[in-house]
Enquirer: 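Have a look at this one.
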There are 2 protein chains.
Amino acid sequence: MIGGVGEFNLIARLTSNLASGAGIALGIGDDAAVLAPRPGHHIVATIDGQVEGVHFRRALSPAHAVGYRSIVTNLSDLAAMGADPRWVLVALTLPADLEIAWIDEAYRGMGDVLARFGGAIVGGNVSRSGRDIVIDVTAVGEVPAGKALTRAGARPGDAIVVTGSPGRSAAGLALLLDPSAADIPAPTRQRLIEAHFYPIPRIAIGKALGETAIATSAIDISDGLSADLGHILAASGVGATLDLDSLPADDDVATFASAVGRDAIDLTLTGGEAYELLFTCRPADVGRALALIRDAGVSAHPIGVIDDTNALTVRGNGGHARRLGGHDHFGVRGME
Amino acid sequence: MIGGVGEFNLIARLTSNLASGAGIALGIGDDAAVLAPRPGHHIVATIDGQVEGVHFRRALSPAHAVGYRSIVTNLSDLAAMGADPRWVLVALTLPADLEIAWIDEAYRGMGDVLARFGGAIVGGNVSRSGRDIVIDVTAVGEVPAGKALTRAGARPGDAIVVTGSPGRSAAGLALLLDPSAADIPAPTRQRLIEAHFYPIPRIAIGKALGETAIATSAIDISDGLSADLGHILAASGVGATLDLDSLPADDDVATFASAVGRDAIDLTLTGGEAYELLFTCRPADVGRALALIRDAGVSAHPIGVIDDTNALTVRGNGGHARRLGGHDHFGVRGME
């Protein structure tokens, strides 16, 4: 158990396998890390956490996935800014009776994300907790000065594009919480749960969209596609029309939705923790955007257009009006 | 209560009064903050937390002090690196039944530290918690490239210097935990508790020691003077001799120690959470070091000498041998 190891030994154990990386003048072991940013770059910093009982349940989520997600949620924020992940700090709050194997596995999950998408753990902190595990992660990346993507640049006429299939993570979470959902083939079930446990931060795509200045605004989908589009609209001071018939039609999401009597479009529009990118670009750049995303091995769909209204309008899907769950920032005008 | 406010409203409430500062290309409100480091500087990053039931008890610590300390522990780490505080990210994990006034006060405490010592909150995260409050803070500072102070530069012959009176915080904590301790004048009691609630990060001193290259090594006293000296010795591969008669003799600590039957020297040597600076410098630089610390309005004491042993030797205090509590990294040779 953690309680028997001691703070300094635990830190040594967790950090012994961490590779040092470029731009680290001084890593773990002193009062703070000393880092060398690249000239001509801004740094991009974000903090996000995984809280037991809120973001995961120890009985349902493997420690490896909890660690992986604790890093990915932050790297996804960097991706949405067009930034390159460089340095990560991890604050662990752990109950004394936690098995050491749990935190070893969580660190293995963290290391797997960083090895694949960039960045190195350069600092951390370990505290005791009364009961629950809290993992707070700060990720610091770099972006060429002036090239950061923000939520504020969408202009009327811009196309709205989304990567991947945002409904998959929410479907996977629903299956975790209610494994009894019938009539879903095991491979589908497994792929959806995998999508929830191991979302892919769209780092390469975010960097490419920023460096080429193709994207006029961007956000990652943590609150759900429609809610996160709402953040872009609010920050940019514009409205939008979404074409429901253009949404990604994911076979696994469709299978899940049909088996449990839910609406696949609703899952895609409102499912959270997808960590896909939602961005806008000039209509003339849609082809280039789709090509660079395809080159990264990822699917993408233009799903609507920015307009000069103050509302989010939805159309398509047989003309049915539709309320967008969890999205009350904008009036919704269905195409009855 | 927090639970009735909603995450986005809470974030808006907490961040509405935060001043934007220099070097912030994009602050709170997007996926991540975009920051402009100064050319020729390295960035210095640290993460530390305040956990309810571990670092504070809600019944004993005012929320303002909890917020203040959540920032100070990090700024003190920056001070020990000779760095200038610039940017701060705050991750709050809060029980839904927490009164809003509590977190408002905590944020006021955070703001007070930053207004006085530098740095601005540029990002954050709010999560629900099952029961306890956890505040994790990342502080990012800057230091001229190559000027960072580390634990590793102490050389035999160097003087060991400590700022302030490290025993005060531990005495204040003891009084908080056992208010019944008799025969202590109210002003003394109040000053010691204040020292625990509101330690002062030695930012200006750390920066001056780094920029002048006077300090050969430095650390902040979070684990206790002797334990933190142990970290310097381990990182530098040296030993040291401490002169107990040279330790700061603080009147309030002496009053407290005498009233509760504790040893004032032991409190000064082993009391944690002092957030004073402990550093080494060439003997020829001691005068300059003391002068610059005095110019900052702070007391300082040379308390020993680095040697080429592998041990921490203590002498003085009437020749009594002494075990250093909480310090088992080094053999202790008392001067019997």
Side-chain angles (χ1 to χ4, degrees), chain A residues 25-26 29-37 39 41-55 74 76-81 83 87 89-91 93 122-125 127-132 134 136-141 143 145-146 148-152 218-220 222 235, chain B residues 25-26 29-37 39 41-55 74 76-81 83 87 89-91 93 122-125 127-132 134 136-141 143 145-146 148-152 218-220 222 235:
Chain A
L26 187 67
D30 215 296
D31 289 290
V34 182
L35 311 169
H41 286 65
H42 286 164
I43 60 172
V44 179
T46 185
I47 192 166
D48 203 354
Q50 293 288 309
V51 178
E52 184 176 359
V54 177
H55 301 95
N74 283 278
S76 181
D77 280 328
L78 297 187
M81 306 301 290
W87 310 293
L89 299 106
V90 179
T93 307
V122 296
N125 187 55
S127 293
R128 249 186 319 122
S129 126
R131 183 179 53 181
D132 293 330
V134 179
D136 281 323
V137 171
T138 290
V140 181
V143 67
L149 298 173
T150 74
R151 301 176 179 182
I219 194 169
D220 75 321
S222 49
Chain B
L26 188 68
D30 214 296
D31 289 290
V34 182
L35 311 168
H41 286 65
H42 285 164
I43 61 172
V44 179
T46 184
I47 191 167
D48 203 356
Q50 295 287 309
V51 178
E52 184 176 0
V54 178
H55 301 94
N74 283 278
S76 180
D77 280 327
L78 297 187
M81 306 301 290
W87 310 293
L89 300 106
V90 178
T93 307
V122 297
N125 187 54
S127 291
R128 249 186 319 120
S129 127
R131 181 178 55 179
D132 293 329
V134 179
D136 280 323
V137 171
T138 290
V140 181
V143 68
L149 298 173
T150 74
R151 303 176 177 181
I219 194 169
D220 76 322
S222 49

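Letters A, B, ... mirror the listed sequences (proteins, then strands); counts begin at 1. The structure presented is a predicted model; accordingly, all values stated were derived computationally and were not measured.
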Enquirer: Where does Asp132(B) contact chain A at under 4.5 Å (heavy atoms): side chain, backbone, both or neither?
Expert: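 Contact with chain A involves the side chain of Asp132(B) alone.
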
Enquirer: Heavy atoms only, distances under 4.5 angstrom: which of Ala25(A), Gly124(A), Gly141(A) has the most pairs with chain B? Name it, please.
Expert: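 When all of Ala25(A), Gly124(A), Gly141(A) are compared, Gly124(A) has the most.
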
Enquirer: Non-hydrogen atoms of chain B under 4.5 Å away: do they reach the side chain of Ala79(A), the backbone, both or neither?
Expert: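 Looking at Ala79(A), nothing touches chain B.
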
Enquirer: What part of Ala235(A) gets closer than 4.5 Å to chain B, counting heavy atoms only: side chain, backbone, both or neither?
Expert: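 Ala235(A) has no heavy atom closer than 4.5 Å to chain B.
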
Enquirer: Name the region of His41(B), side chain, backbone, both or neither, that has any atom closer than 4.5 Å to a heavy atom of chain A.
Expert: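 It is the backbone, since no side chain atom gets that close.
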
Enquirer: Using non-hydrogen atoms and a 4.5 Å limit, figure out which bit of Leu26(A) sits close to chain B: side chain, backbone, both or neither.
Expert: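 It is the side chain, since no backbone atom gets that close.
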
Enquirer: Please look at Thr150(B) and chain A and tell me whether the side chain, the backbone, both or neither of the residue comes under 4.5 angstrom of a heavy atom of that chain.
Expert: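 Thr150(B) touches chain A through backbone and side-chain heavy atoms alike.
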
Enquirer: To check you understand the geometry: which heavy-atom pair defines the closest contact between Gly130(A) and Arg131(B), and what is its length?
Expert: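 Closest approach of Gly130(A) to Arg131(B), heavy atoms only: C-NH2, 3.3 Å.
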
Enquirer: With sequence neighbours excluded, tell me which residues meet side-chain contact (heavy atoms from CB on, under 4.5 Å) with Ala139(A).
Expert: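 Partners of Ala139(A) under the side-chain contact (heavy atoms from CB on, under 4.5 Å) test: Thr46(A), Asn74(A), Leu75(A), Leu78(A), Val88(A).
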
Enquirer: Quick one: closest heavy-atom pair of Val134(A) and Val134(B), and the distance?
Expert: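 That closest heavy-atom pairing would be CG2-CG2, 4.2 Å.
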
Enquirer: Which bit of Ala145(A) comes within less than 4.5 Å of chain B, counting heavy atoms only: side chain, backbone, both or neither?
Expert: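 Neither part.
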
Enquirer: Which one of Ser222(B), Gly53(B), Ser127(B) has the most heavy-atom pairs closer than 4.5 Å to chain A?
Expert: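 Between Ser222(B), Gly53(B), Ser127(B), the count favours Ser127(B).
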
Enquirer: Drop me the distance from Leu89(A)'s CG to Asp48(B)'s CG, to the nearest 0.5 angstrom.
Expert: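 Spacing of CG (Leu89(A)) from CG (Asp48(B)) equals 11.0 Å.
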
Enquirer: What part of Val51(A) gets within 4.5 angstrom of chain B, counting heavy atoms only: side chain, backbone, both, or neither?
Expert: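 Only the side chain of Val51(A) comes within 4.5 Å of chain B.
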
Enquirer: Could you tell me which portion of Ala91(B) (side chain, backbone, both or neither) has an atom closer than 4.5 angstrom to a non-hydrogen atom of chain A?
Expert: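 Both backbone and side chain.
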
Enquirer: Looking at chain B, which one of Gly123(A), Ser129(A), Ala33(A) has the largest number of heavy-atom pairs inside 4.5 Å, strictly under?
Expert: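 That would be Ala33(A).
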
Enquirer: Side chains of His42(A) and Leu35(B), heavy atoms from C-beta outward: is any pair under 4.5 Å?
Expert: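 His42(A) does not reach Leu35(B) side chain to side chain.
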
Enquirer: Could you pull out the closest heavy-atom pair between Ile43(A) and Pro37(B), with the gap in Å?
Expert: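 Heavy atoms only, the tightest pair is CG2-CG, 3.9 Å.
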
Enquirer: Which bit of Asp30(A) is near chain B, if near means a heavy-atom gap under 4.5 Å: side chain, backbone, both or neither?
Expert: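 For Asp30(A), the contact with chain B is made by backbone and side chain together.
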
Enquirer: Indicate the atoms forming the closest heavy-atom contact of Ala148(A) with Val34(B), along with that distance.
Expert: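 Shortest heavy-atom separation between Ala148(A) and Val34(B) comes out as CB-CG2, 3.8 Å.
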
Enquirer: Count the heavy-atom pairs under 4.5 Å between each of Val44(A), Ile47(A), Val54(A) and chain B, then report the option with the highest count.
Expert: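 Highest number of heavy-atom pairs under 4.5 Å: Ile47(A).
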
Enquirer: Mind listing the closest non-hydrogen atom pair of Thr93(A) and Asp136(B) along with its distance?
Expert: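 That would be OG1-OD2, 4.3 Å.
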
Enquirer: Taking only residues two or more places apart in sequence, or in another chain, which ones meet Asp31(A) in a salt bridge (charged side-chain N to carboxylate O under 4.0 Å, His left out)?
Expert: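 Checked Asp31(A) against salt bridge (charged side-chain N to carboxylate O under 4.0 Å, His left out); matches are Arg151(B).
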
